[in-house]
Amino acid sequence: FKIAMKGLDGGRVNIASCSIGGAQAALETTLDYTKTRTQFSQPVNSFQNTQFQLADMITSLHTSRLLVRQAATLLDQSSQLATAYCAMAKLEATEKCYNVCDQALQLHGGYGYLKDYPVEQYVRDLRVHRILEGTNEIMKLIVGRQ
């Protein structure tokens, strides 16, 4: 049983990495969109609130990436901390990256729901990551027990 459970650690890092990729794509799409979309004769990205939202998205993505790298390093080193860090990385990255995609959709407005814009696909893809390789509630249980 313990061997099988250890096998999930790599899967959790993998799912977290997939979330980072999806969030990065959503962020890049949103950065481009907010540069070209105008309101009140100004690009949307010139507004302070939009800049704050983008800063939060960038920060969440970066911190998720750092935690996933740390978990992967511990996993490669066969550290006793690997299971807890893989669970933390999966929990943090899938939650934060889903929120990045959700915020990207918000910044696209009604267009974010259209299949013409890839953001709607990123949101749907990243939502399931919170369930795969153990739900995020289980990740909290693993971390809490360590």
Side-chain angles (χ1 to χ4, degrees), residues 1-37 43-45 47-146:
F1 179 76
K2 285 188 176 190
I3 293 171
M5 295 308 287
K6 290 275 185 197
L8 291 173
D9 290 344
R12 290 176 179 143
V13 169
N14 185 37
I15 291 297
S17 298
C18 290
S19 288
I20 289 169
Q24 182 70 47
L27 176 63
E28 290 170 5
T29 300
T30 303
L31 289 170
D32 290 341
Y33 178 78
T34 58
K35 286 177 189 172
T36 58
R37 176 79 167 121
V44 173
N45 71 352
F47 298 114
Q48 188 179 50
N49 186 59
T50 302
Q51 293 168 3
F52 287 173
Q53 290 170 311
L54 292 169
D56 286 343
M57 294 163 70
I58 292 165
T59 302
S60 291
L61 185 57
H62 186 69
T63 57
S64 294
R65 188 175 282 119
L66 290 173
L67 187 54
V68 170
R69 285 180 182 163
Q70 186 176 17
T73 298
L74 291 170
L75 188 59
D76 283 346
Q77 295 170 347
S78 300
S79 169
Q80 290 182 340
L81 300 172
T83 295
Y85 273 79
C86 289
M88 283 188 274
K90 192 263 185 190
L91 172 64
E92 187 72 6
T94 58
E95 290 290 338
K96 295 287 183 164
C97 291
Y98 174 78
N99 291 339
V100 166
C101 289
D102 186 57
Q103 193 60 51
L105 189 144
Q106 187 71 25
L107 286 168
H108 277 76
Y111 291 128
Y113 284 102
L114 300 177
K115 288 194 182 228
D116 297 343
Y117 292 83
V119 174
E120 61 87 23
Q121 182 70 49
Y122 301 141
V123 171
R124 286 189 289 124
D125 288 349
L126 268 67
R127 176 60 182 95
V128 74
H129 292 172
R130 295 160 64 187
I131 300 168
L132 297 174
E133 297 294 336
T135 65
N136 283 356
E137 291 76 18
I138 296 299
M139 297 306 104
K140 291 176 184 179
L141 190 65
I142 291 168
V143 172
R145 287 182 177 172
Q146 298 282 324

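With no hydrogens or angles considered, a side-chain donor-acceptor pair links Asn136 and Thr94 at under 3.5 Å.
Exactly one residue among Arg130, Arg127, Lys140 makes a salt bridge (charged side-chain N to carboxylate O under 4.0 Å, His left out) with Glu95. That residue is Arg130. The only option from Gln24, Lys96, Lys90, His129 that meets the side-chain hydrogen bond (donor to acceptor under 3.5 Å, both in side chains) definition with Ser19 turns out to be His129.
The shortest non-hydrogen separation linking Ala72 to Val13 is CB-CG1, 4.1 Å. Counting all heavy atoms, side chain and backbone alike, Ala23 lies closest to Leu126 at N-CD2, 3.9 Å. Taking both residues in full, the closest heavy atoms of Tyr122 and Gly22 are given as CG-O, 4.1 Å, listed atom of the first, atom of the second, then distance. Between Ala87 and Ile142 the shortest heavy-atom distance is CB-CG2, 3.8 Å.
Summarising the local packing, CD of Gln121 is surrounded by more than 12 heavy atoms from other residues, nucleotides or ligands at distances under 6.0 Å. Within 6.0 Å of CZ on Phe47 lie more than 12 heavy atoms contributed by other residues, nucleotides or ligands.
Residues Leu107 and Met57 have side chains in contact (heavy-atom distance under 4.5 Å, counting atoms from C-beta outward). For the pair Asp56/Gln103, no side-chain contact is recorded, criterion being any heavy-atom separation below 4.5 Å from C-beta on. Counting heavy atoms from C-beta on, the side chains of Glu120 and Val123 never come closer than 4.5 Å. Considering only heavy atoms from C-beta on, Val119 stays 4.5 Å or farther from Cys101 through its side chain. Using a 4.5 Å heavy-atom threshold, the side chains of Asn99 and Ser60 count as separate.
A distance of 11.0 Å separates CG of Leu66 from CD of Glu92, quoted to the nearest 0.5 Å. Taken from CG in Leu31 to CD1 in Ile58, the straight-line distance is 5.5 Å, to the nearest 0.5 Å. Taking CG from Asp102 and SG from Cys97, the interatomic distance works out to 12.5 Å, rounded to the nearest 0.5 Å. The CD1 atom of Ile20 sits 12.5 Å away from the CG atom of Leu27 when rounded to the nearest 0.5 Å. Summarising the geometry, atom CG belonging to Leu8 is positioned 11.0 Å from atom CD1 belonging to Ile138; distances are rounded to the nearest 0.5 Å. Taking CG from Leu67 and NE2 from His62, the interatomic distance works out to 12.0 Å, rounded to the nearest 0.5 Å.
Here the side chain of Arg12 pairs no donor or acceptor atom with the backbone of Ala89 at under 3.5 angstrom.
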Test Thr50 against Asn45 for side chain to side chain donor-acceptor pair (under 3.5 Å), laying out the working first. CA-CA 6 Å; Thr50 302; Asn45 71 352; over 6 Å; no

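Between Tyr117 and His108, the two ring planes are perpendicular [angle over 60°; tilted spans 30° to 60°].
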